Amino acid sequence: MTIEFDDTLITKNELIDSQHKELIGRIKKFVDSCEQRDSKVTAINMLDYLAEYTDFHFSAEEKLQEEVGYPGLEDHKKKHEEFKKSLRSLEEFLEESEGPTEAFVEQVKKKVVEWLFNHIKTFDRSVAEYIFLNDNPDRL
């Protein structure tokens, strides 16, 4: 699985896209570190860093949605909470193991990478389209 920001993830909203690039870059570094079997402490620190950036990004997305009156905000917030819960479960998994195992990496790819890419292509793209249509009513 390739972990990189590509054209399939573009929402055409500059703020969202730039933050997604940063988030995906952090996830890639985290997965690479885990696959190289870096220390448990390194993995925990990277996961904490990822969780902090995720909180920052989700807050920015939700604030933007509030500002534009996005009707799907509550559902979007629920999805964000789902992701945060997955990060917490990964943290617990890692703390209970001796370090980043193959099983842990597989869980990261499923609960973080696959989830995020799907979320961007559906939920986040829909927000960006809503904003674009609101900003360009002549396009309707």
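Start at 1 with the first residue, then count along the sequence. Computed from a predicted model, the values in this text were never measured in an experiment.
Phe58 is not connected to Phe123 by any chain of hydrophobic side-chain contacts under 4.5 Å among Ile, Leu, Val, Met, Phe, Trp and Tyr, and they are in different clusters. Taken together through direct or relayed side-chain contacts under 4.5 Å among Ile, Leu, Val, Met, Phe, Trp and Tyr, Met46 and Leu116 form part of one hydrophobic cluster. In the hydrophobic cluster analysis, where Ile, Leu, Val, Met, Phe, Trp and Tyr join through side-chain heavy atoms closer than 4.5 angstrom, Ile16 is grouped apart from Leu133.
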Go through it in stages, so that I can follow the logic: the residues are Ile24 and Phe117, the test is side-chain contact (heavy atoms from CB on, under 4.5 Å), and I'd like the CA-CA distance, side-chain angles, deciding distance and then a yes or no. CA-CA 9 Å; Ile24 291 167; Phe117 282 24; 3.8 Å; yes

From CA spacing to verdict: side-chain contact (heavy atoms from CB on, under 4.5 Å), Phe132, Lys12: CA-CA 9 Å; Phe132 177 79; Lys12 296 184 182 163; over 6 Å; no

Test side-chain hydrogen bond (donor to acceptor under 3.5 Å, both in side chains) applied to Glu61 and His20, step by step: CA-CA 11 Å; Glu61 270 190 2; His20 285 163; 3.2 Å; yes

Give the C-alpha distance, both sets of side-chain angles, the deciding distance and a yes or no for side-chain contact (heavy atoms from CB on, under 4.5 Å) between Glu4 and Leu9. CA-CA 9 Å; Glu4 64 181 43; Leu9 300 170; over 6 Å; no

Hey, mind stepping through Lys40 and Glu98 against side-chain contact (heavy atoms from CB on, under 4.5 Å) and telling me if it holds? CA-CA 7 Å; Lys40 180 177 177 176; Glu98 293 182 25; 6.0 Å; no

Pair Ser39, Thr42 - check side-chain hydrogen bond (donor to acceptor under 3.5 Å, both in side chains), show working. CA-CA 5 Å; Ser39 75; Thr42 299; 2.9 Å; yes

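Glu62 places a side-chain heavy atom less than 4.5 Å from the side chain of His80. Side-chain contact between Phe83 and Val112 is present, with heavy atoms from C-beta onward closer than 4.5 Å. Annotation: side chain of Ile131 is in contact with side chain of Leu64 (closest heavy-atom distance under 4.5 Å). Contact annotation: the side chain of Val127 approaches that of His76 to within less than 4.5 Å [non-hydrogen atoms, C-beta and beyond]. Inter-residue side-chain proximity for Tyr53 and Gln19 is flagged as met; some heavy-atom pair is nearer than 4.5 Å. Side-chain contact between Asp48 and Glu91 is present, with at least one heavy-atom pair separated by less than 4.5 Å. Contact annotation: the side chain of Glu52 never approaches that of Arg26 to less than 4.5 Å [non-hydrogen atoms, C-beta and beyond]. Side-chain contact between Cys34 and Phe104 is present, with at least one heavy-atom pair separated by less than 4.5 Å.
In this structure, Tyr130 and Tyr70 have perpendicular ring planes: the angle between them is above 60°, well past the 30° mark.
Ion pairing between Glu102 and Arg37 holds under the 4.0 Å rule for side-chain N and carboxylate O. Contact check on Glu81 versus Lys84 returns a salt bridge, with a Lys/Arg side-chain nitrogen under 4.0 Å from an Asp/Glu carboxylate oxygen. Using a 4.0 Å cut-off between a side-chain N of Lys or Arg and a carboxylate O of Asp or Glu, Lys110 and Glu106 do not qualify as a salt bridge. Using a 4.0 Å cut-off between a side-chain N of Lys or Arg and a carboxylate O of Asp or Glu, Lys77 and Glu66 qualify as a salt bridge.
Contact detail for Leu94 and Gly99: the closest heavy-atom pair is CD1-C, 3.7 Å.
Judged purely by atom type and a 3.5 angstrom limit, Thr11 uses its side chain to pair as donor or acceptor with the backbone of Asn13. No donor-acceptor pair under 3.5 Å is formed between the side chain of Tyr49 and the backbone N or O of Phe30. Remark: the backbone N or O of Asp55 is paired with a side-chain donor or acceptor of Ser59 at under 3.5 angstrom. Between the side chain of Arg125 and the main chain of Ile10, a donor-acceptor pair closer than 3.5 Å is present. Under the 3.5 Å distance criterion, the side-chain polar atoms of Asn118 are left unmatched by any main-chain donor or acceptor of Glu114.
The salt bridge (charged side-chain N to carboxylate O under 4.0 Å, His left out) test applied to Lys28 returns Asp32, not counting sequence neighbours.
Distance check, rounded to the nearest 0.5 Å: CD of Gln107 to OG of Ser89 gives 7.5 Å. The distance from the CG atom of Leu90 to the CD atom of Glu95 is 11.0 Å, given to the nearest 0.5 Å.
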